[in-house]
Amino acid sequence: MNLILLGAPGAGKGTQAEVICDHLQIPALSTGNILREALKQGTELGLKAKSYMDGGKLVPDEVVIAIIKERLTAPDCENGFILDGFPRTVPQAQALDAMGVRIDRVIDIEVPDEKIEQRLSGRRVCESCGASYHMLYKPSAVAGVCDKCGGNTVQRKDDHPDTVRERLAVYHEQTEPLKDYYEKTGKLVIVEGQEEVSDTSELVLKALRA
Ligand code: ADP
Ligand code: ZN
C-alpha cells in the first residue's frame, strides 16, 4: 500500500506513520527527518536546507522532489511506503504523479491551530535518536533525558512560538490546497487528530481498511 499522510505541522503525522509502519511493515519516509539528518551530518543538502527550516519556510520543491525520487527507488519501498511530510505543495504532488507513483490512500489528520501551537511549543525531541516528548502530555521520566537512549531532549529550533506561527501560515497557504487535489482523486480520507494519540491511530487504521 502506498500512502500519503497530510496535515499541519504537529498534527501527529510522524507518530501515526510509526503506527502504520508497525501495522503494515512498510517504511515511513519523512522528508523532515531526512533533511534534519543531512543538517546534523553537515552535508551540502543540510546546509542548503538549514535557513529555510530554521525560519519555518519550505525547502525548495526541486530539492525535496529529488530526495523523494531517490528514496523511492530503495528496495524497502517495493511493497509500499508511507510519505510523511511529502508532498507539501501542489508542484510536489504533480511531480509525484509525473514519476508514475501510484497512491492508494491519502490520510489527512486534522487538528485546530490553537491545539497545534500548544503541542509544538511543549514538544521536546531527543538529539540522539529523534524520539519525541511533550512537557505536559508525554514527559520523559527524567526531565531533559531521553527514556529510550539517555540522550539530551531539546526544543527543535523551529518549534519556537514565532516559527510555529510561520509554519502554520505556510501550511494553510501551500499545503492545505492538497486536500482539494487529492479529494478529486477520490483517495482522501479525513481523520480527527486533536484527541488522544490512540484515538487518532484507531481512525487511521480504519482509514486503511476503508
Ligand atoms: P513538521 O511536519 O513538524 O513541520 P517536518 O519535520 O515534516 O516538520 O519538516 C520540518 C521542516 O523541513 C519544514 O518546516 C520544511 O522546512 C522542511 N520540509 C520537510 N518536508 C518538506 C517538503 N516536502 N517540502 C518542503 N520543505 C519540507
Ligand atoms: Zn533518544
Side-chain angles (χ1 to χ4, degrees), residues 4-18 28-40 45-72 82-96 106 108-111 113 115-134 138-178 181 193:
I4 292 175
L5 290 180
L6 277 185
K13 296 185 296 291
T15 308
Q16 298 306 330
E18 277 178 37
L29 318 184
S30 156
T31 37
N33 286 348
I34 294 171
L35 292 168
R36 272 187 295 279
E37 187 56 30
L39 225 155
K40 210 159 97 182
L45 169 66
L47 293 177
K48 207 190 280 182
K50 182 175 169 33
S51 61
Y52 299 103
M53 294 178 78
D54 286 352
K57 308 274 190 211
L58 294 182
V59 172
D61 285 335
E62 63 272 19
V63 175
V64 286
I65 289 167
I67 293 175
I68 283 296
K69 195 168 186 174
E70 154 92 41
R71 182 64 185 85
L72 285 175
I82 308 153
L83 292 175
D84 160 17
F86 183 96
R88 237 173 167 106
T89 65
V90 169
Q92 290 178 22
Q94 289 167 336
L96 199 58
V106 178
D108 174 44
I109 306 174
E110 297 255 318
V111 177
D113 284 10
K115 186 88 195 185
I116 299 269
E117 291 188 27
Q118 264 176 34
R119 280 191 189 174
L120 292 185
S121 58
R123 173 160 78 176
R124 296 294 180 271
V125 294
C126 174
E127 277 180 328
S128 309
C129 76
S132 182
Y133 299 92
H134 192 282
K138 192 189 168 193
S140 51
V142 178
V145 181
C146 176
D147 293 346
K148 293 189 181 153
C149 79
N152 290 325
T153 65
V154 296
Q155 183 169 47
R156 251 168 65 174
K157 211 167 184 178
D158 60 350
D159 280 347
H160 287 282
D162 289 347
T163 318
V164 166
R165 274 187 288 276
E166 176 62 25
R167 284 159 69 200
L168 276 170
V170 167
Y171 166 75
H172 288 302
E173 190 184 315
Q174 302 199 57
T175 308
E176 223 171 7
L178 289 177
Y181 187 93

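All ligand and atom numbering here is 1-based and tracks the order in the structure.
For K48, the NZ atom is loosely surrounded, since the number of other residues' heavy atoms within 6.0 Å does not exceed 12. Around atom OH of Y181, more than 12 heavy atoms belonging to other residues, nucleotides or ligands sit under 6.0 Å away.
At least one donor-acceptor pair closer than 3.5 Å links the side chain of R167 to the backbone N or O of D158. In this structure, T31 contributes its side chain and G85 its backbone to a donor-acceptor pair below 3.5 Å.
The NE2 atom of H134 lies 8.0 Å from the CZ atom of R124; values are rounded to the nearest 0.5 Å.
Around the Zn ion (ligand 2), the two atoms SG of C149 and SG of C126 are separated by an angle of 100°, to 10 degrees. Here the Zn ion (ligand 2) is the vertex; the SG atom in C129 and the SG atom in C146 give an angle of 110° (to 10°).
Under the 3.5 Å distance criterion, with hydrogens and angles disregarded, a donor-acceptor pair is assigned to the side chains of T89 and D61.
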Please tabulate, one line per pair, the protein N or O atoms found under 3.5 Å from any N or O atom of ligand 1, giving the distance to one decimal.
residue	atom	partner	partner atom	Å
ligand 1	2 (O)	K13	NZ	3.2
ligand 1	2 (O)	R88	NH2	3.1
ligand 1	3 (O)	R167	NH2	2.8
ligand 1	4 (O)	R88	NH2	2.9
ligand 1	4 (O)	R167	NH2	2.9
ligand 1	6 (O)	R36	NH1	2.8
ligand 1	6 (O)	R36	NH2	2.9
ligand 1	7 (O)	R88	NH1	3.1
ligand 1	7 (O)	R88	NH2	3.4
ligand 1	8 (O)	R156	NH2	3.3
ligand 1	16 (O)	K57	O	2.6
ligand 1	20 (N)	T31	OG1	2.8
ligand 1	20 (N)	G85	O	3.4
ligand 1	20 (N)	R88	NH1	3.2
ligand 1	23 (N)	G85	O	2.8
ligand 1	23 (N)	Q92	OE1	3.0
ligand 1	24 (N)	Q92	NE2	2.9
ligand 1	26 (N)	V59	N	3.0

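The heavy-atom pair separating L45 from A38 by the smallest distance is CD2-CB, 3.8 Å.
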